[in-house]
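What you see is a predicted model; the values in this text were computed from it and never measured.
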Amino acid sequence: MEATYALKGLQPLHAVTVDEVKAAEGGSITLCACIHKIKDMGSFSFVLLRTGSAVFQSVYEKAECPADLSGFSEGCYVRATGQVRKEPRAAHGVELRLQTLTLLSSPAESYPLHVSNRKLGCSLDTNLRHRTVALRNPAERLPFQISEGVCTAFRLFMLEQGFTEIHSPKITAMGAEGGANLFSLQYFGRDAYLSQSPQFYKQACVAFFDRVFEIGPVFRAEKHNSTRHLNEYVGLDFEMGYIDSMYDVMEMETAMLRYIMEYLKGHYAAQLTALGAELPIIGEIPAVTFRQALKILGYSGKKADLDPEDEVRLCEYMKEKRGSDFVFVTHFPSAKRPFYVMDDPENPKQAFSFDLLFRGLEITTGGQRIHDYAAQVEKLKRMNMDPEEFSTYLSIHRYGMPPHGGLGIGLERLVQKLLGLDNIRRASLFPRDVNHLEP
């Protein structure tokens with residue numbers, strides 16, 4: 001027998017949407033909200049009601065609403081019932097004529113920021129210091145609605161392509177990338193680290209799921225203090241088996257990005273318009289080898305990687321010559337890529353690895369992985385790394401792996417460039433960098 005639960009007297013278990021308010025025109029509706037601003041107009045007052053997704057204009061007149069408005073202020077949380085009427089001058093084309101206004105809670109102090117202004121008008125440092133207040137400003141929260149859309153579209157696309165969603169450990173015995181950029185911690189008397197990447201686990205999962213993806217946090221203990229770096233960010237990762245080359249991974253990413261842009265266009269048009277964002281049109285993304293990129297950039301000597309300035313210049317070149325906001329750079333020097341990346345057998349000094357640059361910023365690193373046990377052991381030794389220290393990782397190769405590859409995308413970097421934000425911290429809900437551990 002199925003259990004039934006009575007929800008007598010409870011409010012609807014969902015937030016009221018703009019469409020629901022507009023659909024209630026001519027009738028009344030009840031919503032829970034925060035008072036965003038009160039404008040005293042003399043004989044009546046405008047009360048702007050802020051929900052998690054919108055700000056609604058309501059009109060208070062003492063003769064129509066018995067509540068004493070003097071007991072309410074900006075920052076009060078309320079339950080409001082009002083008659084919905086058409087008002088072209090109001091946001092969303094409708095307003096509420098308040099009938100009841102019930103106080104749910106009130107703040108102990110006034111906001112330290114001008115939350116009800118169209119823009120906060122404060123420095124980024126002040127914004128981050130008062131982050132839980134700053135995000136009450138509708139403009140400040142818009143990038144995170146776009147982040148939601150990107151993650152939703154990424155997940156939908158991956159599932160449609162037969163990928164299985166996984167959730168890998170974030171406390172690990174070793175780093176996927178190695179080096180000094182590891183956050184260490186004590187784990188019951190043992191050394192452990194915060195995960196730099198789900199790399200080892202998503203590779204392992206290819207052996208039994210064929211295709212996997214993950215949306216999760218990534219930790220890098222790098223002492224960068226730039227507009228493009230965070231010490232904790234959200235990674236969009238996937239790994240796929242039975243590939244012929246890294247180009248299969250690049251094609252999958254291209255199709256996925258097209259899907260994301262179409263999804264944002266169809267579901268987040270209002271937010272994109274409010275942000276003044278221009279979504280890229282993605283055709284065939286041009287690809288150049290690392291050596292070709294250096295030639296385009298005018299380098300004649302040896303260079304092991306691309307600098308941030310190089311990425312900007314290369315993207316400007318591709319925008320001018322090919323009309324693309326994106327460019328793949330392939331075949332990076334093997335010495336600058338992780339030990340699990342497959343080298344080109346015809347030229348072992350270059351790897352089957354790629355970056356995807358978008359509007360002057362690297363947002364993706366990916367490539368083909370080594371799947372053969374002997375080849376992986378040999379490369380570890382060649383890179384002066386002890387295979388014994390990677391015995392757990394090598395077990396996936398020892399027991400057999402299909403040819404596979406994958407990539408990781410930095411969510412905040414992608415959103416930063418989609419929206420033209422001046423700093424990656426504006427695309428991070430509560431940024432973690434060398435200066436910020438709170439709030």
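In this structure C315 satisfies the side-chain contact (heavy atoms from CB on, under 4.5 Å) test together with V327, L357, sequence neighbours excluded. Scored by the ring pair (Phe, Tyr, Trp, His ring centres under 6.0 Å) test, Y268 finds no partners at all (sequence neighbours excluded). Shown here are the salt bridge (charged side-chain N to carboxylate O under 4.0 Å, His left out) partners of K202, two or more places apart in sequence or in another chain: D237, E239.
Considering all non-hydrogen atoms of both residues, V206 and G241 come closest at CG1-CA, 3.7 Å. Of all heavy-atom pairs spanning Y111 and C34, the tightest one is OH-SG, 3.9 Å. Summarising the geometry of G405 relative to I243, their closest heavy-atom pair is N-CD1, 3.5 Å, with the distance given to 0.1 Å. When all heavy atoms are compared, the tightest approach of Y187 to A192 is CB-CB, 3.6 Å. In terms of heavy-atom proximity, P431 sits nearest to L128 at CG-CD2, 3.8 Å.
Contact check on D19 versus K22 returns no salt bridge, with no Lys/Arg side-chain nitrogen under 4.0 Å from an Asp/Glu carboxylate oxygen. Using a 4.0 Å cut-off between charged nitrogen and carboxylate oxygen, R258 and E284 count as a salt-bridge pair. Contact check on E278 versus K265 returns no salt bridge, with no Lys/Arg side-chain nitrogen under 4.0 Å from an Asp/Glu carboxylate oxygen. Using a 4.0 Å cut-off between a side-chain N of Lys or Arg and a carboxylate O of Asp or Glu, E311 and R228 qualify as a salt bridge. A salt bridge links E140 to R131: one of the charged nitrogens lies within less than 4.0 Å of a carboxylate oxygen.
Within a 6.0 Å sphere centred on CZ of F430, other residues, nucleotides and ligands contribute more than 12 heavy atoms. Surrounding CD of E438 are at most 12 heavy atoms belonging to other residues, nucleotides or ligands under 6.0 Å away.
Of the listed residues (K223, R220, R425), just one forms a salt bridge (Lys or Arg N to Asp or Glu O under 4.0 Å) with D433, and that residue is R425. Each of L101, T81, L49, V84 was compared with S58 under the side-chain contact (heavy atoms from CB on, under 4.5 Å) criterion, and only L49 meets it.
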Quiz item: Given the rule in the side chain to side chain contact (heavy atoms under 4.5 Å, CB included) test, do Q57 and L96 qualify, once you have shown the distances and angles that lead to the verdict?
Solution: CA-CA 6 Å; Q57 179 172 296; L96 280 69; over 6 Å; no

Quiz item: Please walk me through it: do L142 and Q145 pass side chain to side chain contact (heavy atoms under 4.5 Å, CB included)?
Solution: CA-CA 5 Å; L142 285 172; Q145 293 174 305; 3.1 Å; yes

Practice problem: Start with the C-alpha gap between L418 and L279, add the side-chain angles, then the distance that decides, and say whether side chain to side chain contact (heavy atoms under 4.5 Å, CB included) holds. | Solution: CA-CA 6 Å; L418 278 176; L279 293 180; 4.0 Å; yes

Practice problem: Go through the steps to decide whether E95 and F56 satisfy the test side chain to side chain contact (heavy atoms under 4.5 Å, CB included), and finish with yes or no. | Solution: CA-CA 7 Å; E95 68 179 8; F56 297 101; over 6 Å; no

Quiz item: Where do Q196 and N181 land on the side-chain hydrogen bond (donor to acceptor under 3.5 Å, both in side chains) test, with the steps shown first?
Solution: CA-CA 8 Å; Q196 293 173 307; N181 61 342; 2.7 Å; yes

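A distance of 10.5 Å separates CE in M158 from OH in Y259, rounded to the nearest 0.5 Å. Note: E362 CD to D305 CG = 8.5 Å, rounded to the nearest 0.5 Å. The distance from the CE atom of M240 to the CG atom of D210 is 10.5 Å, given to the nearest 0.5 Å. Atom NZ of K417 is separated from atom CG of L419 by 11.0 Å, given to the nearest 0.5 angstrom. Atom CD1 in I38 sits 4.5 Å away from atom CD1 in I35 (nearest 0.5 Å). One finds the CD atom of E412 at 12.5 Å from the CD1 atom of I363 (value rounded to the nearest 0.5 Å).
Counting only distance, with no hydrogens or angles, the side chain of H397 and the backbone of I370 share a donor-acceptor pair below 3.5 Å. Side-chain N or O atoms of R369 include one that pairs as donor or acceptor with a backbone N or O of G406 at under 3.5 Å. No side-chain donor-acceptor contact under 3.5 Å links N423 to the backbone of R426. With H224 contributing its side chain and E222 its backbone, the two residues share no donor-acceptor pair below 3.5 Å. The backbone N or O of F354 sits nowhere less than 3.5 Å from a side-chain atom of H331 that would complete a donor-acceptor pair. When atom types are taken as modelled, the side chain of H267 and the backbone of Y263 share a donor-acceptor pair closer than 3.5 angstrom. Checked by atom type and distance alone, the side chain of E320 never pairs as donor or acceptor with a backbone atom of Y317 at under 3.5 Å. R313 places a side-chain N or O within 3.5 Å of a backbone atom of L297 that can act as its donor or acceptor partner. Between the side chain of E214 and the backbone N or O of S168, at least one donor-acceptor pair lies under 3.5 Å. Using a distance-only test at 3.5 Å, with no hydrogens or angles considered, a donor-acceptor pair links the side chain of N137 to the main chain of V115.
Listed by first then second residue, pairs satisfying side chain to side chain donor-acceptor pair (under 3.5 Å) with a partner in residues 113-124 read S123-T126, not counting sequence neighbours. Listed by first then second residue, pairs satisfying side chain to side chain donor-acceptor pair (under 3.5 Å) with a partner in residues 243-255 read E253-T364, not counting sequence neighbours. Among pairs with a residue in residues 32-46, those fulfilling side chain to side chain donor-acceptor pair (under 3.5 Å) read H36-R50, at least two apart in sequence or across chains.
No side-chain donor-acceptor contact under 3.5 Å links K170 and T172. There is a side-chain donor-acceptor pair under 3.5 Å between Q203 and Y393.
Cation-pi contact between R337 and F332: present, with separation from the ring centre below 6.0 Å and deviation from the ring axis of at most 45°. Judged by the 6.0 Å distance and 45° axis criteria, K303 is positioned over the aromatic ring of Y299.
At a threshold of 4.5 Å between non-hydrogen side-chain atoms, the residues S428 and E232 do not count as touching. Under the 4.5 Å side-chain criterion, counting only non-hydrogen atoms from C-beta, V150 is in contact with L411.
A perpendicular orientation is assigned to the rings of F163 and F213, their planes being inclined by more than 60° (bins at 30° and 60°). By the 30° and 60° cut-offs, the orientation of the rings of F44 relative to F46 is perpendicular.
Here the two rings, on H404 and Y242, have centers that are 6.0 Å apart or farther.
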